[in-house]
J.: 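Quick one: this structure, given as structure tokens, is what I'll be asking you about.
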Protein chains: 2
Amino acid sequence: MGALLEEATEILRSRGGRMTNQRKRILESLELLGSHPSADEIFAFVSQSDPTLNLSTVYRTLRWLEQEGLVSARHFHFDEDRRTDRFDAASPIDHHHFICTECKSVIEFDNRLIGEVKNQFSRQTNCWVQSVSVVLYGLCPNCQK
Amino acid sequence: MGALLEEATEILRSRGGRMTNQRKRILESLELLGSHPSADEIFAFVSQSDPTLNLSTVYRTLRWLEQEGLVSARHFHFDEDRRTDRFDAASPIDHHHFICTECKSVIEFDNRLIGEVKNQFSRQTNCWVQSVSVVLYGLCPNCQK
DNA sequence: GTTTTTATTGCAAATGATTTGCAATAATTT
DNA sequence: AAATTATTGCAAATCATTTGCAATAAAAAC
């Protein structure tokens, strides 16, 4: 059983919530589908094993997970694409993204210089920085030919 | 007359386009309203001087400017906010943003380390990076009290 | 284990942002 | 000044997401 599911169950319990089948499956799918799925993609995936699942349940669960800090929602700006949110089972602080504008694949990365950018900005402006989002857009090796 | 208006006029001419009153006013407003306005805000502003302007004209003009690389559209992920695009008369490459999640104010900044992050990533992955988007979220000095 | 309570679901309808089809309008060309 | 056609305004469509509400099903109380 994944860490996300356990953590979510605990939070749920602590406020009189209920761990339903739908929620279990949505949480599972977030761990299985690693690739920043959209609500629709999660819905399609979970529907295979539970055809009665409703899309609004997916949205409700994701938004709840987001509020609890267990999931982060981001909006990648693909050039001509629709503007759908994509969800990610990790904290937004500890990794960043490269997006291939051709094949839409996503590569995660981290770089300690980003923390430095954040610190320098804080020092210069006295702003308190809570989170940093870095997205690189370009072409992956496959799509460069 | 602003540089944006001149550049846009030239591009327009070069492909049999027409510099209309509406387009002029929308371009002007992009220079006057510096603060990453939404299509709605641009519409409200220009409507004051031209009450017949239509919102879809604003969208069409903005998308066209985006395609020509004269404007960039971004979607800032304000926590509970609606997901509206915000527009910016500058190239997305040469500056980045801090957003105060409380008062929604935007501070632009740049930092040469960001170019370094980009270069390191390219070297390590052989991805070609076209543009970089960095958004810091947090609290501005005023909202920290 | 059955009944009660109420959080959660499914459904359908609402929403908000953005886009599109089309006839009317107005820049530019002739 | 007339002809051409890019652009507009309008209304309706679309897409992603949210919401109200009655039905359902966890968990609690018996």
Side-chain angles (χ1 to χ4, degrees), chain A residues 5 8-27 29 36-44 46-47 49-68 71-87 104, chain B residues 5 8-27 36-44 46-47 49-68 71-87:
Chain A
L5 184 50
T9 306
E10 195 175 322
I11 288 180
L12 212 45
R13 283 274 144 70
S14 78
R15 22 195 108 167
R18 294 168 189 185
M19 180 50 73
T20 62
N21 256 314
Q22 304 60 343
R23 282 179 178 170
K24 252 183 223 145
R25 292 212 161 103
I26 292 167
L27 286 159
S29 80
H36 305 78
S38 64
D40 243 355
E41 285 163 359
I42 292 168
F43 174 64
V46 180
S47 291
S49 56
D50 175 6
T52 68
L53 178 72
N54 194 278
L55 182 56
S56 47
T57 300
V58 176
Y59 274 109
R60 274 188 285 233
T61 302
L62 289 169
R63 293 301 174 202
W64 171 74
L65 288 167
E66 195 188 0
Q67 282 187 353
E68 297 304 337
V71 149
S72 66
R74 5 179 115 246
H75 176 89
F76 297 128
H77 187 262
F78 296 144
D79 283 6
E80 330 204 22
D81 237 355
R82 309 254 144 266
R83 58 198 87 50
T84 65
D85 283 339
R86 303 199 149 258
F87 297 85
K104 269 65 177 168
Chain B
L5 184 49
T9 305
E10 196 175 322
I11 289 180
L12 212 46
R13 283 276 144 71
S14 77
R15 25 195 106 168
R18 295 170 187 184
M19 180 50 73
T20 62
N21 256 313
Q22 312 46 352
R23 283 178 178 172
K24 252 184 222 146
R25 291 212 162 103
I26 291 167
L27 286 158
H36 304 79
S38 64
D40 242 355
E41 284 163 359
I42 292 169
F43 174 64
V46 180
S47 291
S49 55
D50 176 5
T52 69
L53 178 73
N54 194 277
L55 182 56
S56 48
T57 301
V58 176
Y59 274 109
R60 274 189 285 233
T61 301
L62 289 169
R63 294 299 174 204
W64 172 72
L65 289 167
E66 195 188 1
Q67 282 189 352
E68 297 304 336
V71 149
S72 66
R74 5 179 115 246
H75 177 89
F76 297 127
H77 188 260
F78 294 144
D79 282 7
E80 331 204 23
D81 236 357
R82 308 254 144 264
R83 57 197 87 50
T84 65
D85 283 340
R86 303 200 149 259
F87 297 85

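Chain identifiers are assigned alphabetically (A, B, ...) following the order of the sequence lines, protein sequences preceding nucleic acid strands; residue numbering begins at 1 within each chain.
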J.: If I compare all heavy atoms of A:Phe87 with all of A:Val71, which pair ends up nearest, and what's the gap?
T.: CD2-CG1, 4.0 Å
J.: Can you name the nearest heavy-atom pair linking A:Ser38 to A:Arg86, along with the distance?
T.: N-NH1, 3.7 Å
J.: Which nucleotide, C:dT8, D:dT18, C:dG10, lies nearest any side-chain atom of A:Arg23?
T.: C:dT8
J.: Polar-atom pairs under 3.5 Å, protein N or O versus N or O of nucleotides 28-30 of chain D: list them with distances, or write none.
T.:
none

J.: Which whole-number value in Å describes the distance from B:Leu65 CG to D:dT7 C1'?
T.: 14 Å
J.: Please report the distance, rounded to the nearest Å, between CH2 in B:Trp64 and P in C:dT20.
T.: 18 Å
J.: Provide, to the nearest angstrom, the distance between the NZ atom belonging to A:Lys24 and the C1' atom belonging to C:dT9.
T.: 15 Å
J.: Which pair of heavy atoms, one from B:Ile26 and one from B:Thr61, lies closest together, and at what distance?
T.: CD1-OG1, 3.6 Å
J.: Let me check something: any side-chain donor-acceptor pairs from residues 11-22 of chain A under 3.5 Å, sequence neighbours excluded? List them with distances.
T.:
{"from": "A:Ser14", "atom 1": "OG", "to": "A:Ile11", "atom 2": "O", "distance (Å)": "2.7"}
{"from": "A:Arg15", "atom 1": "NH1", "to": "A:Glu68", "atom 2": "OE1", "distance (Å)": "3.3"}
{"from": "A:Arg15", "atom 1": "NH1", "to": "A:Glu68", "atom 2": "OE2", "distance (Å)": "2.7"}
{"from": "A:Thr20", "atom 1": "OG1", "to": "A:Arg23", "atom 2": "N", "distance (Å)": "3.2"}

J.: If the condition is side chain to side chain donor-acceptor pair (under 3.5 Å), which residues does B:Asn54 pass it with, not counting sequence neighbours?
T.: B:Ser56
J.: Name the residue closer to the 5' end of DNA chain C, choosing between A:Gly16 and B:Asn54 according to the nucleotide with the nearest heavy atom.
T.: A:Gly16
J.: Report the nucleotide, chosen from C:dT9, D:dT17, C:dT18, that has the shortest atom-to-atom distance to any side-chain atom of A:Thr57.
T.: C:dT9
J.: May I ask you to verify if any side-chain N or O of A:Thr52 is less than 4.0 angstrom from the OP1 or OP2 atom of C:dG10?
T.: yes
J.: Salt bridge check, B:Lys24 against B:Asp50: does any charged N sit closer than 4.0 Å to a carboxylate O?
T.: no
J.: 5'-most contact on DNA chain C: A:Leu12 or B:Tyr59, nearest heavy atom basis?
T.: A:Leu12
J.: Let me know the distance between CZ of A:Arg25 and C1' of C:dT8, rounded to the nearest Å.
T.: 16 Å
J.: Who are the salt bridge (charged side-chain N to carboxylate O under 4.0 Å, His left out) partners of A:Arg60, not counting sequence neighbours?
T.: none
J.: Could you tell me how far apart B:Asp85 (CG) and C:dA17 (P) are, to the nearest whole angstrom?
T.: 11 Å
J.: So what does A:Ser56 touch, heavy atoms closer than 4.0 Å: a base, only the sugar-phosphate, or nothing?
T.: base
J.: Could I get the full list of side-chain contact (heavy atoms from CB on, under 4.5 Å) partners for B:Tyr59, not counting sequence neighbours?
T.: B:Ala39, B:Leu55
J.: Rounded to the nearest Å, what distance is computed from the CZ atom of residue B:Arg63 to the P atom of nucleotide D:dT7?
T.: 18 Å
J.: Would you say A:Ile42 and A:Leu62 make side-chain contact, with heavy atoms under 4.5 Å?
T.: yes
J.: Under 4.0 angstrom, heavy atoms only, what part of the nucleic acid is B:Arg60 near: base, sugar-phosphate, or nothing?
T.: base
J.: Could you tell me how far apart A:Leu55 (CG) and C:dG10 (C1') are, to the nearest whole angstrom?
T.: 11 Å
J.: For a quick check, with a 4.0 angstrom heavy-atom cut-off, what is the B/S/- contact string for nucleotides 25-30 of chain C, read 5' to 3'?
T.: -BBS--
